[in-house]
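Both ligands and their constituent atoms are indexed starting at 1 by order of listing. We count residues from 1, following the sequence as given.
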Amino acid sequence: MTSELRLLSEHACFGGLQCFFEHDAESTGTPMRFGVYLPPQAAKGPCPVVFYLAGLTCTEETFAIKAGAQREAARLGLILVSPDTSPRGTGLEGADAAWDFGHGAGFYLDATVAPWASHFRMERYITQELHALVTTCLPVLPGAVGLMGHSMGGHGALTLALRHPGQYRSVSALAPIVAPSQVPWGRKAFAGYLGPDEAAWAAHDACALIAAGGRLPPLLVDQGLADKFLAEQLQPERLETVCREVGQDLTLRRHSAYDHGYYFVASFIAEHLQHHARLLAPGKA
Ligand SMILES: N[C@@H](CCC(=O)N[C@@H](CSC=O)C(=O)NCC(=O)O)C(=O)O
């Protein structure tokens, strides 16, 4: 069953439409907002869809406003979906206390520890509820679904695709957190949402999942070398090593001078969309 969609706004954009919707999400028990870009091709027939998962402190608007993805999505005929990064207005104590935990920092997993488990169920939301809503309510080409993300959202893209094999035919990430169990952002989030038993954390850690046999479609990752979070939080060399060891197809590109923000995302978004369009083209299943 799909909940009622409320259109918040729509804007003509490169011959298509950038829309924002809200609905009452069962997964989180809260209203959830998401952005949708419909390319001009979607008015004539079904198109592939790419979900974009944003990073810490972002909302459903950040990607649509800052990444400049719509021009290339219009050229390629890709629908883009940009969910919010957590439930909002949960009323949980501490949910607004920090920028890297709670509201705006859902880490794309289902919390198992009170009080977070009552609302912070972003894995179920993205992979089931929003997935079903998008594939039934929008003109999506059956099975042509890609997943990408930035930073915390890159972690989300990698882990959700690894944990739901076959659901996403194309995957990519920009400056992702690749080994959250090993770095401060991830350790804080996992301790809070999953509890202190680190054995439970590996199931949400991209490098650990790949080491344990998880596989992804050919993976594209970009990383800026002037990124202030590179050494402490991102550590792409861990992903490079594990992919080499197990034979996972990975294209990891390092770019001097680029930082962590949306100037970096905007610089490489077109190539990510081209990667998704290639893998999602009819006949590529
Ligand atoms: N407030 C923080 C910076 C937060 C930040 O940089 N968020 C990134 C994602 S970080 C990992 O998930 C982001 O995408 N921000 C949105 C933007 O518009 O740049 C600090 O004080 O460092």
Residue pairs passing the salt bridge (Lys or Arg N to Asp or Glu O under 4.0 Å) test with at least one member in residues 92-102, sequence neighbours excluded, are Asp100-Lys188

Residue pairs passing the salt bridge (Lys or Arg N to Asp or Glu O under 4.0 Å) test with at least one member in residues 60-84, sequence neighbours excluded, are Glu72-Arg75, Asp84-Arg88

Aromatic rings Phe20 and His11: how do their planes relate, parallel, tilted or perpendicular, breaks at 30° and 60°?
perpendicular

* Check whether any side-chain heavy atom of Leu141 sits under 4.5 Å from a side-chain heavy atom of Cys47, and report yes or no. => no

> Below 4.5 Å, heavy atoms only, C-beta onward: do Leu130 and Phe51 meet side chain to side chain?
Replying inline: yes

Here the salt bridge (Lys or Arg N to Asp or Glu O under 4.0 Å) pairs for residues 189-214, sequence neighbours left out, are Arg187-Glu198

Kindly print each ligand 1 N/O atom paired with any protein N/O atom under 3.5 angstrom away, one pair per line, or none if nothing qualifies.
unit_1	atom_1	unit_2	atom_2	d
ligand 1	7 (N)	Leu56	O	3.0
ligand 1	12 (O)	Leu56	N	2.8
ligand 1	12 (O)	Ser151	OG	2.7
ligand 1	12 (O)	Met152	N	2.9
ligand 1	18 (O)	Lys66	NZ	2.5
ligand 1	22 (O)	Lys228	NZ	3.4

